[in-house]
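Since the structure comes first, as structure tokens, the remarks are kept for the end.
Atoms considered below: every heavy atom in the structure, side chains included; atoms not considered: hydrogens, waters and symmetry mates.
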Amino acid sequence: AALQSLAHAPLLSDFFLKRHFVKDLNVENPLGTKGAIASAFAKLLQELLQPEGTAEAIAPEEMLRALCKHCPIIAEQPGMQQ
């Protein structure tokens, strides 16, 4: 539900779909994700917002992997696939 909400926030989704987020990434921060989560979200948005009639069921596996890699506590939560 959280990803659906973020994906349908017009200003945020436009920011990611037009790849404006790239210039704001801090890939040199040793504590950061080097843009992995932001890039995974952008890719997920592209998949979700395909032209009418071309979309299939989407499983946000890449986004989930990126989140779990950088925030392992997410993977430990019951029902984490939801």
Side-chain angles (χ1 to χ4, degrees):
L3 286 176
Q4 288 176 333
S5 296
L6 292 172
H8 290 90
L11 294 175
L12 183 66
S13 61
D14 193 49
F15 182 74
F16 278 88
L17 287 170
K18 292 183 177 177
R19 301 199 52 82
H20 294 300
F21 73 96
V22 174
K23 67 179 183 214
D24 293 322
L25 294 177
N26 181 358
V27 297
E28 296 178 17
N29 181 353
L31 302 176
T33 68
K34 310 237 183 295
I37 293 174
S39 297
F41 182 65
K43 185 174 180 183
L44 178 62
L45 278 178
Q46 290 171 350
E47 293 173 8
L48 285 172
L49 302 176
Q50 293 179 14
E52 189 88 21
T54 62
E56 298 177 8
I58 305 287
E61 293 173 2
E62 187 175 329
M63 180 75 191
L64 181 60
R65 277 193 303 274
L67 286 170
C68 290
K69 179 180 178 183
H70 298 287
C71 187
I73 197 166
I74 291 174
E76 299 170 5
Q77 301 300 312
M80 67 125 186
Q81 297 91 350
Q82 299 176 6

Using every non-hydrogen atom in the two residues, find where [X] and [Y] come nearest and quote the distance to one decimal.
X: F21; Y: A42; value: CE2-CB, 3.5 Å
X: G35; Y: L25; value: CA-CD2, 3.7 Å
X: A7; Y: L49; value: O-CD1, 4.4 Å
X: I74; Y: C68; value: CG2-SG, 4.2 Å
X: H8; Y: Q4; value: ND1-O, 2.8 Å
X: A40; Y: E62; value: CB-O, 4.2 Å

Got a sec, which residues hit ring pair (Phe, Tyr, Trp, His ring centres under 6.0 Å) with F41, two or more places apart in sequence or on another chain?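 Partners of F41 under the ring pair (Phe, Tyr, Trp, His ring centres under 6.0 Å) test: F16.
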Please indicate whether [X] has more than 12 foreign heavy atoms, meaning atoms of other residues, nucleotides or ligands, lying under 6.0 Å from its [atom1].
X: Q46; atom1: CD; answer: yes
X: K69; atom1: NZ; answer: no
X: H70; atom1: NE2; answer: yes

Got a second to check how far [X]'s [atom1] is from [Y]'s [atom2], nearest 0.5 Å?
X: L17; Y: L45; atom1: CG; atom2: CG; value: 5.0 Å
X: L3; Y: L64; atom1: CG; atom2: CG; value: 9.0 Å
X: L67; Y: I73; atom1: CG; atom2: CD1; value: 13.0 Å
X: L6; Y: M63; atom1: CG; atom2: CE; value: 8.0 Å

Do N26 and E28 have side chains that get closer than 4.5 Å, going by heavy atoms?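 Touching, per the 4.5 Å side-chain cut-off.
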